[in-house]
Amino acid sequence: MNYGLQLYSVRDSLKQDYYATLKAVAALGYKMVETIRLENVTAEQVRAWCEELGLTVCGTHTGANALLPEMMEKTIADHQAMGCSLLIIPSHDLSTAAKIEEFAELVNRVQPILAQKGITLAFHNHTTEFYPNADGMIPFDEILKRTDMKIELDICLAYQGGQDSPALMEKLGGRLCAIHLKDGDSKGEGFPLGMGTAPVKACWEKAKEMQVPIVVESESLNPDGLSEARICMEYLKQLEG
């Protein structure tokens, strides 16, 4: 199977040398990367490096502010330059009914514009979206009801938010565009794959069944990001037998 890596996992190395980090990620066996905010590197350079190293940019984590009118042209141009067709909003303040309404309006306004440019819009969950906000609304449910944007499900954060992650993947069906395969415990701690209590294997199996892209994320930098990325890939190879 081909796996992606969310580059936040290797943010320590990325700050030191972007190209060397991509090269190390490719050497570990990852075939895709999911980018975070570009700093000190252009979208064109990222694509050139990825093509050289046999990687593709499978998605970006891009804040909703990048979808405001004054930023949209650059946001679209960057995605096209990277050859990336998936823009994922990684988090947003949905703490009140008014903020949910504002977010849904933004999504429903920009989604057709992005689609015309070949870019799919998605949302990445954290734990808070599964709990009532100040107005008693469950933000995750409201996103599903008020928009038709895709979902990149972080299976560990969903688990830590009290969800049955494999069942939620099944429920999302065609709206599930990718998963973050991540491990951790019920207390909110994060670990490399295979070292926590999140339903990693069950979600891996469900993703295979649903033919959903798998993007690895391991955030704790213990002892460093590339070491965690290596441990995660070794675990995945064990699952494959």
Has [X] got a side-chain atom pairing as donor or acceptor with [Y]'s backbone, closer than 3.5 angstrom?
{"X": "Ser218", "Y": "Ala229", "value": "no"}
{"X": "Glu129", "Y": "His126", "value": "yes"}
{"X": "Arg146", "Y": "Phe103", "value": "no"}
{"X": "Arg175", "Y": "Met149", "value": "yes"}
{"X": "Asp183", "Y": "Ala198", "value": "yes"}
{"X": "Ser227", "Y": "Pro223", "value": "no"}
{"X": "Thr21", "Y": "Ser13", "value": "yes"}
{"X": "Asp185", "Y": "Thr197", "value": "no"}
{"X": "Arg11", "Y": "Glu219", "value": "yes"}
{"X": "Asp135", "Y": "Thr96", "value": "no"}

Within the 4.5 Å heavy-atom criterion, are [X] and [Y] side-chain neighbours or not?
{"X": "Phe140", "Y": "Asn125", "answer": "yes"}
{"X": "Pro132", "Y": "Met137", "answer": "no"}
{"X": "Leu94", "Y": "Asn133", "answer": "no"}
{"X": "Leu55", "Y": "Trp49", "answer": "no"}
{"X": "Leu176", "Y": "Lys150", "answer": "no"}
{"X": "Val110", "Y": "Met72", "answer": "yes"}
{"X": "Val212", "Y": "Leu153", "answer": "no"}
{"X": "Val33", "Y": "Val25", "answer": "yes"}

Starting from [Y], can I reach [X] by hopping between I/L/V/M/F/W/Y residues whose side chains sit under 4.5 Å apart?
{"X": "Val107", "Y": "Ile143", "answer": "yes"}
{"X": "Met169", "Y": "Leu193", "answer": "yes"}
{"X": "Met210", "Y": "Val216", "answer": "yes"}

Hey, could you give me the [atom1]/[atom2] distance between [X] and [Y], rounded to the nearest 0.5 Å?
{"X": "Asp148", "Y": "Ile151", "atom1": "CG", "atom2": "CD1", "value": "10.5 Å"}
{"X": "Ile138", "Y": "Ile100", "atom1": "CD1", "atom2": "CD1", "value": "9.0 Å"}
{"X": "Leu181", "Y": "Ser165", "atom1": "CG", "atom2": "OG", "value": "10.0 Å"}
{"X": "Leu14", "Y": "Thr35", "atom1": "CG", "atom2": "OG1", "value": "9.5 Å"}
{"X": "Leu67", "Y": "Leu114", "atom1": "CG", "atom2": "CG", "value": "6.0 Å"}

**Q.** Charged N-O contact under 4.0 Å between Lys74 and Asp78
**A.** yes
Q. So, are Lys208 and Glu205 salt-bridged, with charged N and O less than 4.0 Å apart?
A. no
Q: Taking atom CZ of Arg109 as the centre, report whether more than 12 heavy atoms of other residues, nucleotides or ligands fall under 6.0 Å from it.
A: yes
Q.
Set out, in order, the CA-CA distance, both residues' side-chain angles and the distance that settles side-chain contact (heavy atoms from CB on, under 4.5 Å) for Met1 and Ile214, then state yes or no.
A. CA-CA 9 Å; Met1 290 184 64; Ile214 296 173; 3.6 Å; yes
Q) Is it the case that Lys206 places NZ or CZ above or below the six-membered ring of Trp204, under 6.0 angstrom from the centre and within 45 degrees of the axis? A) no
**Q.** Glu152 and Phe123: CA distance, side-chain angles, deciding distance, side-chain contact (heavy atoms from CB on, under 4.5 Å) verdict
**A.** CA-CA 6 Å; Glu152 177 186 64; Phe123 184 80; over 6 Å; no
Q. Side chain to side chain donor-acceptor pair (under 3.5 Å) between Ser220 and Asn222: does it pass, once the steps are laid out?
A. CA-CA 5 Å; Ser220 52; Asn222 184 23; 5.4 Å; no
Q) Centres of the Tyr3 and Tyr30 rings: under 6.0 Å? A) no
Q. Between His124 and His92, is the gap from one ring center to the other below 6.0 Å?
A. no
Q | Taking every non-hydrogen atom, the tightest pair across Gly184 and Cys156 | A | N-SG, 3.5 Å
Q) Should Ser186 and Gln160 be marked as a side chain to side chain donor-acceptor pair (under 3.5 Å) after you check the CA-CA gap, both sets of side-chain angles, and the distance that decides it? A) CA-CA 5 Å; Ser186 60; Gln160 291 171 340; over 6 Å; no
Q. Run the side chain to side chain donor-acceptor pair (under 3.5 Å) check on Glu34 and Gln6 step by step: do they pass?
A. CA-CA 5 Å; Glu34 198 175 78; Gln6 164 53 248; 2.7 Å; yes
Q. How far apart are the C-alpha atoms of Cys58 and Leu86, what are their side-chain angles, what is the distance that settles it, and do they pass the side-chain contact (heavy atoms from CB on, under 4.5 Å) test?
A. CA-CA 7 Å; Cys58 61; Leu86 180 61; over 6 Å; no
Q: Would you check if there is a donor-acceptor pair between the side chains of Tyr19 and Glu52 at a distance under 3.5 Å?
A: yes
**Q.** side-chain contact (heavy atoms from CB on, under 4.5 Å) partner of Thr60, the single match among Thr75, Val46, Leu87
**A.** Leu87
